[in-house]
Amino acid sequence: MPAQDRPERPTTELDARYSSALNPRPGAADATATEWAEAQRQLETAEIFWVSTVRPDGRLHVTPVIAAWHRGTLYFSTGAGEQKARNLAHDGHCALTTGGNSLTRGLDLVVEGTAEPVADPAVLEEVIAAYEAKYGRHITSPDGTFHGIGDAFREGHATVYAVAPATAYGFGRDGGVYSHTRWVF
């Protein structure tokens, strides 16, 4: 579904089976679903994501990527010869994850969907602008890690993929209170 046709807010539910709500501990009664606005804020600001794809023989492939959240869709890129590109050519289903490493604080996110190559030049320019706004010098500076990425996108040296979420999950940790939120689009 194109980003402009997607619902403003997905349905949100707390899965008590995997949250503190069912575990008798201090603060457990305070376990609530994470609001989509908070998840979206984290998708907008997270610098590193892990993309999981499936190889043609069924084995998983997981690798870090940079990504930009723009108009309800998560965008990432890869070179045509890279394993994730070959995997996506076979099966576009993927998951992108981001979060932290703390046991007691933070929100980990999983976005599941189908990766679609971006072909529309106008959308591609919007995505390039979103990358540059998010990553700044790393994208635009000659000494930046991803210098020239916009030109690589324009010239087809890297393929940009759009992943409109089908389902997303949030795993929250707040001082020992754990929540498991599911968003369905």
Side-chain angles (χ1 to χ4, degrees), residues 1-11 36-56 60-100 107-170 183-185:
M1 175 186 315
Q4 61 270 21
D5 296 336
R6 298 179 61 70
E8 183 81 18
R9 293 176 183 251
T11 60
W36 176 244
E38 174 58 22
Q40 187 170 305
R41 184 198 64 73
Q42 185 164 324
L43 291 171
E44 291 169 351
T45 60
E47 293 182 358
I48 296 293
F49 292 78
W50 293 84
V51 62
S52 301
T53 59
V54 181
R55 297 172 195 258
L60 295 176
H61 177 70
V62 181
T63 188
V65 296
I66 62 173
W69 178 258
H70 178 65
R71 294 180 56 186
T73 301
L74 198 53
Y75 294 89
F76 71 96
S77 68
T78 186
E82 293 185 39
Q83 185 64 54
K84 59 188 164 291
R86 294 193 307 269
N87 296 347
L88 292 170
H90 173 74
D91 182 347
H93 292 98
C94 66
L96 288 116
T97 60
T98 191
L107 177 64
D108 297 326
L109 295 170
V110 178
V111 173
E112 297 178 341
T114 302
E116 300 285 342
V118 175
D120 182 332
V123 173
L124 191 59
E125 288 302 321
E126 288 182 23
V127 172
I128 291 168
Y131 265 79
E132 290 175 350
K134 180 176 183 177
Y135 293 101
R137 263 183 81 69
H138 295 291
I139 298 291
T140 59
S141 170
D143 60 340
T145 304
F146 296 100
H147 176 66
I149 197 168
D151 289 334
F153 292 172
R154 286 181 193 99
E155 296 166 7
H157 300 302
T159 301
V160 176
Y161 290 91
V163 179
T167 306
Y169 299 93
W183 300 278
V184 179
F185 296 80

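Given the structure is predicted, the values throughout are model-derived calculations rather than measurements.
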Rounded distance (nearest 0.5 Å) linking atom [atom1] of [X] with atom [atom2] of [Y]:
X: Y131; Y: F146; atom1: OH; atom2: CZ; result: 8.5 Å
X: R86; Y: K84; atom1: CZ; atom2: NZ; result: 10.0 Å
X: I66; Y: I149; atom1: CD1; atom2: CD1; result: 4.5 Å
X: T63; Y: W50; atom1: OG1; atom2: CH2; result: 6.5 Å
X: K134; Y: H70; atom1: NZ; atom2: NE2; result: 12.5 Å
X: T167; Y: F185; atom1: OG1; atom2: CZ; result: 8.0 Å

E47, CD atom: more than 12 neighbouring heavy atoms under 6.0 Å =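 Not more than 12 within 6.0 Å, no.
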Are [X] and [Y] packed together at the side-chain level, in the sense that at least one heavy-atom pair is separated by less than 4.5 angstrom?
X: L88; Y: C94; result: yes
X: Q42; Y: T98; result: yes
X: V184; Y: P10; result: no

Side chains of residues 108-121: which donor-acceptor partners sit under 3.5 Å, not counting sequence neighbours?
| residue | atom | partner | partner atom | Å |
| --- | --- | --- | --- | --- |
| D108 | OD1 | G100 | N | 2.9 |
| D108 | OD2 | R173 | NH1 | 3.0 |
| D120 | OD1 | A122 | N | 2.8 |

Mind listing the closest non-hydrogen atom pair of [X] and [Y] along with its distance?
X: A67; Y: F76; result: CB-CB, 4.2 Å
X: A68; Y: A130; result: CB-CB, 4.1 Å
X: T53; Y: N87; result: OG1-ND2, 2.8 Å

Ring-ring centroid check W69 F49, cutoff 6.0 Å = no
Can a salt bridge be assigned to the pair E44 and R41 using a cut-off of 4.0 Å between side-chain N and carboxylate O?
->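 Looking at E44 and R41, the cut-off is not met.
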Which pairs would a plain distance check flag for residues 156-165, meaning a side-chain donor or acceptor within less than 3.5 Å of a matching protein atom at least two apart in sequence or in another chain?
| residue | atom | partner | partner atom | Å |
| --- | --- | --- | --- | --- |
| H157 | NE2 | E155 | OE1 | 3.2 |

